[in-house]
Visitor: 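This structure is in structure tokens; I'll ask about it shortly.
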Amino acid sequence: MDEATFAKWSRKAADWGAAYRASLRDRPVRAQTAPGDITAEIPASPPQTGESMEAIFADFEKIIVPGMTHWQHPRFFAYFPANAAPVSVVAEYLVTAMAAQCMLWQTSPAATELETRVLDWLRQAIGLPGGFAGVIQDSASSATLSAVLVMRERALAWNGNKAGLSANPRLRVYSSDQVHTSIDRAIWVSGVGEDNLVRIPVQGEHRSMDCAALEAAILRDKAAGYVPAGVIACTGGTSTGACDNIADVVRVARAHDLYVHVDAAWAGSAMICEEFRPLWAGVEEADSVVFNPHKWLGAQFDCSAHFIRSPDDLVRTLAIKPEYLKTHGKDGIINYSEWTVPLGRRFRALKLWFLLRFHGLEGLKGMIRNHVAWAETLAERLGREDGFEIVTKPIFSLFSFRHLGSGDLDAHNLALVNAINDDGRIYLTQTRVDGRVVIRFQAGQFDMTEQDADTAFEVITEIANSLGAARR
Ligand SMILES: *Cc1c(COP(=O)(O)O)cnc(C)c1O
């Protein structure tokens with residue numbers, strides 16, 4: 001592609017992106033596509049000769065866009081948000097154009113040094129003490145895997161990587177049953193094994209780990225000859241926003257010299273607002289904390305902020321230094337690839353820098369406070385409505401509800417969430433609470449307004465009533 005053509009299509013892509021964002025309210029949030037619809041439109045074999053950009057771009061608009069679920073839609077209330085604020089998209093255009101591999105300091109000093117700076121901005125923004133150092137991981141899953149590997153190596157006197165797990169005693173890791181499946185996978189991949197992930201029951205409104213049960217489990221395991229390695233706590237669990245009592249978890253863990261990792265992938269963004277910090281009180285004593293600016297905060301995916309108290313332990317666990325990767329003669333430099341499982345690294349700090357500078361912490365706090373307030377108002381309105389039950393109250397901006405129709409309530413609520421998503425004006429997902437199907441609502445999309453929450457209320461009540469459900 002020559003320079004002029006590259007410039008032309010880059011401008012076209014930027015204009016398309018802006019028009020797309022402006023058009024979102026007129027599109028159904030979830031793709032209204034059947035399985036195989038898109039595959040049927042794509043030739044089964046690759047082109048032998050090059051095609052024109054006009055043809056490629058036209059097919060993008062005709063075939064691909066209708067098969068997209070619109071995560072930047074202001075009425076996206078499903079899962080958790082994956083916000084890409086426009087300013088972070090602009091930064092990503094630049095990163096994509098430069099396309100640097102930022103694995104070592106010398107492979108892009110600006111990327112490394114900016115990462116150190118903006119992660120320290122974020123650390124201050126969420127109220128973590130100065131003892132934490134930050135690194136950007138591609139996802140919370142990777143951060144949690146790294147933390148579990150550190151737990152493992154620490155508990156095995158740094159002998160696991162070398163001798164393998166078969167040469168070592170059996171490890172134990174503890175978490176509640178409210179944690180994300182990325183914890184299960186970290187346990188699988190690290191070789192600790194699912195049978196050694198001990199699930200501690202939860203209690204109370206926030207579904208937090210019962211720390212007396214945690215301590216009892218650790219003592220039982222020690223007596224049985226296992227080696228307890230660490231605890232994974234959560235702030236803002238995926239299903240209903242469960243929050244462990246981090247201070248209690250840390251107290252028990254410290255008494256037994258266990259490593260503590262806190263998964264706050266979604267809710268960590270809210271901690272830029274001081275009033276939410278009681279929900280993770282004690283986090284300043286944890287060893288490792290992850291949160292995803294690529295969820296609520298507005299940094300385009302991927303951008304996971306991982307804070308650790310001892311980077312030395314992380315580097316000792318993950319760094320391999322073959323001769324061709326060494327940077328000779330530069331002292332005190334950071335090679336962030338030694339802090340993560342993958343070697344190659346995108347320049348992810350730039351979008352954070354653009355985002356934090358353009359919106360300022362005040363701007364981002366305002367967004368988060370609005371989301372929490374609108375979710376609370378919607379929960380109150382739905383709770384007052386005949387035939388609706390709030391199953392879990394809002395934690396941050398997430399609550400769950402069910403509609404009390406006739407017959408099998410699980411089937412009825414699944415039918416309701418499907419009908420709502422087929423309608424397209426809003427997008428919701430379901431989960432299970434104490435075995436029952438419930439519908440989740442989270443407010444978190446960057447461009448959401450109060451009117452969008454009102455629309456959610458109208459759509460939910462209108463479709464529930466149209467399903468012909470029996471009134472209470
Ligand atoms: C989204 C989420 C994850 C997984 O995040 P990735 O960055 O996609 O790996 C883990 N834990 C919690 C609580 C989450 O909400």
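Just so you know, ligand 1 is whichever comes first in the structure, and atom 1 is the first atom listed for that ligand.
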Visitor: Assess whether a salt bridge exists between R123 and E284, defined as any Lys/Arg side-chain N lying under 4.0 Å from an Asp/Glu carboxylate O.
Guide: no

Visitor: Applying side-chain hydrogen bond (donor to acceptor under 3.5 Å, both in side chains) between H306 and each of S139, S288, S142, S146, report the one that passes.
Guide: S288

Visitor: Only counting residues at least two apart or in another chain, list the ones meeting salt bridge (charged side-chain N to carboxylate O under 4.0 Å, His left out) with R251.
Guide: D248

Visitor: Less than 4.0 angstrom from a charged side-chain N to a carboxylate O is my criterion; do R254 and E285 meet it?
Guide: no

Visitor: Are R25 and D452 within salt-bridge range, i.e. N to O under 4.0 Å?
Guide: yes

Visitor: Between the protein and ligand 1, are there any N or O atom pairs that come within less than 3.5 Å of each other, and if so, what are their names and distances?
Guide:
{"from": "ligand 1", "atom 1": "5 (O)", "to": "N292", "atom 2": "ND2", "distance (Å)": "3.4"}
{"from": "ligand 1", "atom 1": "7 (O)", "to": "A140", "atom 2": "N", "distance (Å)": "2.8"}
{"from": "ligand 1", "atom 1": "7 (O)", "to": "N292", "atom 2": "ND2", "distance (Å)": "2.9"}
{"from": "ligand 1", "atom 1": "7 (O)", "to": "H294", "atom 2": "NE2", "distance (Å)": "3.3"}
{"from": "ligand 1", "atom 1": "9 (O)", "to": "A140", "atom 2": "N", "distance (Å)": "3.3"}
{"from": "ligand 1", "atom 1": "9 (O)", "to": "S141", "atom 2": "N", "distance (Å)": "2.9"}
{"from": "ligand 1", "atom 1": "9 (O)", "to": "S141", "atom 2": "OG", "distance (Å)": "2.5"}
{"from": "ligand 1", "atom 1": "11 (N)", "to": "D263", "atom 2": "OD1", "distance (Å)": "3.3"}
{"from": "ligand 1", "atom 1": "11 (N)", "to": "D263", "atom 2": "OD2", "distance (Å)": "2.6"}
{"from": "ligand 1", "atom 1": "15 (O)", "to": "K295", "atom 2": "NZ", "distance (Å)": "2.7"}

Visitor: Using a strict threshold of under 4.0 Å (side-chain N to carboxylate O), is an ion pair present between R346 and E92?
Guide: yes

